[in-house]
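Every value quoted in this text rests on a predicted model; they were computed, and no experiment measured them. Numbering of ligands and ligand atoms starts at 1, following listing order.
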Amino acid sequence: MTFPAGFLWGAATASYQVEGAVSEGGRGPSIWDTFAAADGKVLGGATGDVACDHYHRYPEDIGLLADLGLNAYRFSVAWPRVMPDGRTTSAAGLAFYDRLVDELLSRGVLPVLTLYHWDLPQALEDAGGWPSRDTASRFADYAAVVHAALGDRVRQWTTVNEPFCAAFLGYGSGVHAPGGQDHATALVAAHHLLLAHGLAARALTGPGHEVSLALNFAPAIPDGSSPAHAEAARKFDGIHNRFFLDPVLGRGYPADVVAAAGRFAECVRDGDTDVIAAPIDWLGVNYYAPARVTPLDDPQAPSNCPLPTLRGLDVLPAPPPLTAFGWEQSPATLTSLLTWISARSGGLPLVVAENGASFVDKVVDGRVYDAARVNYFMEHLRAVHDALGLGVDVRGYFAWSLLDNFEWAMGYTQRFGLIHVDFETQRRTVKESGRFLGRVAKANSL
Ligand code: IFM
């Protein structure tokens, strides 16, 4: 398999999942500090207080990434580090990312910076959080501050990572911070996250600068061929995929979702959809697994899938082989997803901004033979290659994740890393999958 010249070969992380040092450098609390500290929210009572201690160990981590042969690092900036109260800039907080970016550049690694990967400053949550429209404006200010500080060296800017999760898991099902459980509110939060993306995109301009956002896609596969199956898949696809993709592409919110979404339209003001449709240079496609959906006999029956607007369908258990998280492995779906987005967007450049799998990994004699993950990457890279062969403009592939890390509500129980982390000692062990991905990257960079 050969990939186009200039293809980005990277690994991704997110601030709260890896940094630790939650009280250092003047960092303020985020919604995830609050949520993880509350009883029963995160498996085993785990928190991101220390995580991978990336805040102190980033030179080692970047060194490992560069030595593998990867040429890009996708990381996120912690808003509460840069603005402890969500509004006031902290020089010490910015200085950390200054050091991180310099370290990347000194190792020949391209920084790909995400501004929001779910760690909202707690002070802004107290002021209303994402259900409040003002949070989108605060985000635009924050984006401008980070851009002014790092824009001389960072060219790749991603505004928001997975607004679906931030909105629907954070304010709907409540399994993520801040733990809200109201689906109507979650839809409003989703709109404000998209608005935040559009407002910030305006601030992220500069010579050679590229703007993007990263959406998580769960393609719906109907578990049958009847019209009712097709309708169930359409419904699932509407809220999970099109609700986020379409407004970003300038197509507005999908009418079928809005029609089923109660009073959602009331939060969308004149001009909002134009703001959300701000031009982007590429779209980050986060893909892990499809969803197998089936209709229920009673169209009003509540779905087992905790999403608003979904009634009358069930999401079926995934067929094996599964990852440790219980997720289906379907590389072919990645090809069809990339092809679908490309066609829907008129050929927008795409970057696979997250793809990966958790498995049970063991360090044996100083090595981790994670054959299942090697296979996972091999098959998904083949899927990307197939999409390229079909004419899709794919510009890069980022493994999730560089390091085993804090997997949100699952704590430290799901290992996704190319690099194993012993959370007792903070010892890093490169996995076979990391070496594999690095070999493919190197072979394509000759
Ligand atoms: O760990 C997460 C990441 O933060 C967002 N995308 C999915 C990953 C695996 O669940």
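Taking every non-hydrogen atom of His117 and a distance limit under 4.0 Å, the qualifying atoms of ligand 1 come out as 3 (C), 4 (O), 5 (C). Heavy-atom proximity to Glu162, at under 4.0 Å, picks out these atoms of ligand 1: 5 (C), 6 (N), 7 (C). Those atoms of ligand 1 with a heavy atom of Phe416 less than 4.0 angstrom away are 9 (C).
Among all non-hydrogen protein atoms, the one lying nearest atom 10 (O) of ligand 1 is Glu407 OE2, 2.6 Å. When hydrogens are left out, the protein atom nearest atom 6 (N) of ligand 1 is Glu354 OE1, 2.5 Å; that is the closest non-hydrogen contact. Annotation: atom 8 (C) of ligand 1 to nearest protein heavy atom, Tyr288 OH, 3.4 Å.
Between the Thr273 side chain and the Gly250 main chain, no donor and acceptor come within less than 3.5 Å of each other.
Residue contacts with ligand 1 do not include Phe164, since none of its heavy atoms lies under 4.0 Å from the ligand.
Contact annotation: for Tyr16 versus ligand 1, there are no heavy atoms closer than 4.0 Å.
Looking only at atom types and distance, the side chain of His380 has no donor-acceptor partner in the side chain of Tyr397 under 3.5 Å away. His197 and Thr159 form a side-chain donor-acceptor contact under 3.5 Å, judged by distance and modelled atom types alone.
Ring-centre distance between Tyr16 and Phe35: not below the 6.0 Å cut-off.
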Test log, rule side-chain contact (heavy atoms from CB on, under 4.5 Å), inputs Leu418 and Phe436: CA-CA 9 Å; Leu418 300 177; Phe436 166 76; over 6 Å; no
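A cation-pi geometry, defined here as NZ or CZ lying under 6.0 Å from the six-membered ring centre and within 45° of its normal, does not hold between Arg99 and Tyr58.
No N or O atom of Trp118 sits closer than 3.5 Å to an N or O atom of ligand 1. Distances between N or O atoms of Trp400 and those of ligand 1 include at least one value under 3.5 Å.
Here the CZ-CD distance, from Phe75 to Gln17, works out to 15.0 Å after rounding to the nearest 0.5 Å.
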